[in-house]
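Computed over heavy atoms, backbone and side chain alike; hydrogens, waters and symmetry mates excluded. Every chain is numbered from 1, with letters handed out A, B, ... down the list of sequences.
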Amino acid sequence: MAITTLPYPNMDFVPLDVLTADELDHIVANIDAINNASIPTDSIADGAVTSGKVDWTTMKFAKFSTSEQETEFKWTDGKTIYMKTVSLGNLPNATTKTVAHSISNLDFFVKIEGFAYYPAPSNVYVPLPFIGSSTASSISLRVETTNVVVSCESDRSGAIGYAVLWYTKTAG
Amino acid sequence: MNTLELNRVAIWKPKLTDGFSVRESASGRVAYKDKIAYRTNAKTYRYAKNYELGKGKTKTKICLFYVTYESDAKEAEKFLDKTAKKIDVATAQQAVIGSTDTSFEYLDIYKENK
């Protein structure tokens, strides 16, 4: 940060100086200004900020939520990619379940992810869609214009599912 | 450890800003004269300014400062400017190398009281 942006930019000291309370206050004000200032890119040396010092949850793409999240990613057409986690609740018992994703101005989906969680008897997690050893043991997951659709041929009601949808929009 | 001697010019590494600066202190500071301590009986002023001495590879930046009872800042700056011209580069380089954040060297140059 350029020193001219400090509230008291011209402070200097030599040995034997005795600082007054006013001057100490000015130093605190300068420190405060540095803490609160945005730092221009050219003031940070290359490699000075390491990933361990970054709070990734402040990044647009780093927060999973059941609310729509704008990510830093762009699709091939340059459109912003949004992300939303949809809670599917308990999976169906040998049938099909639809859950509204409530996405407005949907353009199209660029990635569909999901998982199911069996709390009992043994905390098992499986990805969705799940490809089992047979069609009967598999679980399908698809997304339609207004719904997330999950289907299975056997009883999966003991599992709780989530779908993570990545998509673009026709308008923000 | 350096002690305070009024009116004696000190040489130090360059301070943060190059320009002439003044710092006032209330009376009652402990100063020394002929190794005897006493308390200042009036407000004191610290005057300081950075100077570049030498050219090319020998170019050296220093800070000159002194503490006095005299409040005439213009006169003080003139005195420091004049003093800087008397200092040779070798002395300046040695002083800068030996300086820390808290230690400096006194020169045998004194500001005479008006």
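By the side chain to side chain donor-acceptor pair (under 3.5 Å) test, A:Ser102 pairs with no residue at all, sequence neighbours left out. Applying the side-chain contact (heavy atoms from CB on, under 4.5 Å) criterion to A:Asn35, with sequence neighbours excluded, gives A:Ile31.
Interface residues of residues 31-46 of chain B toward chain A, defined by a heavy-atom distance below 4.5 Å and sorted by number: B:Arg46. Contacts with chain B (heavy atom to heavy atom, under 4.5 Å) involve these residues of residues 11-19 of chain A, listed by number: A:Met11, A:Asp12, A:Phe13, A:Val14, A:Pro15, A:Leu16, A:Asp17, A:Val18, A:Leu19.
Put simply, A:Val99 and A:Ile139 are part of the same group of oily side chains (I, L, V, M, F, W, Y) that touch within less than 4.5 Å, one to the next. Cluster membership check: B:Leu4 does not share its hydrophobic cluster with B:Val9, using side-chain heavy-atom separations under 4.5 Å among Ile, Leu, Val, Met, Phe, Trp and Tyr. Linking ILVMFWY residues whenever their side-chain heavy atoms come closer than 4.5 Å, directly or via other members, leaves B:Leu107 and B:Val67 in distinct clusters. Under the 4.5 Å side-chain heavy-atom criterion for grouping Ile, Leu, Val, Met, Phe, Trp and Tyr, A:Phe115 is not connected to A:Val148 through any hydrophobic cluster. Cluster annotation: A:Tyr162 is not connected to A:Ile103 through the hydrophobic network of ILVMFWY side chains, with a link wherever side-chain heavy atoms come within less than 4.5 Å.
Within 6.0 Å of atom NZ in B:Lys78, 12 or fewer heavy atoms from other residues, nucleotides or ligands are found, so the atom counts as exposed in its surroundings. Counted within 6.0 Å of CD on B:Gln94, heavy atoms from surrounding residues, nucleotides or ligands total 12 or fewer; the atom is thus considered open. A 6.0 Å sphere centred on NZ of B:Lys86 holds more than 12 heavy atoms belonging to other residues, nucleotides or ligands.
For B:Ser25, the part lying under 4.5 angstrom from a heavy atom of chain A is the side chain only.
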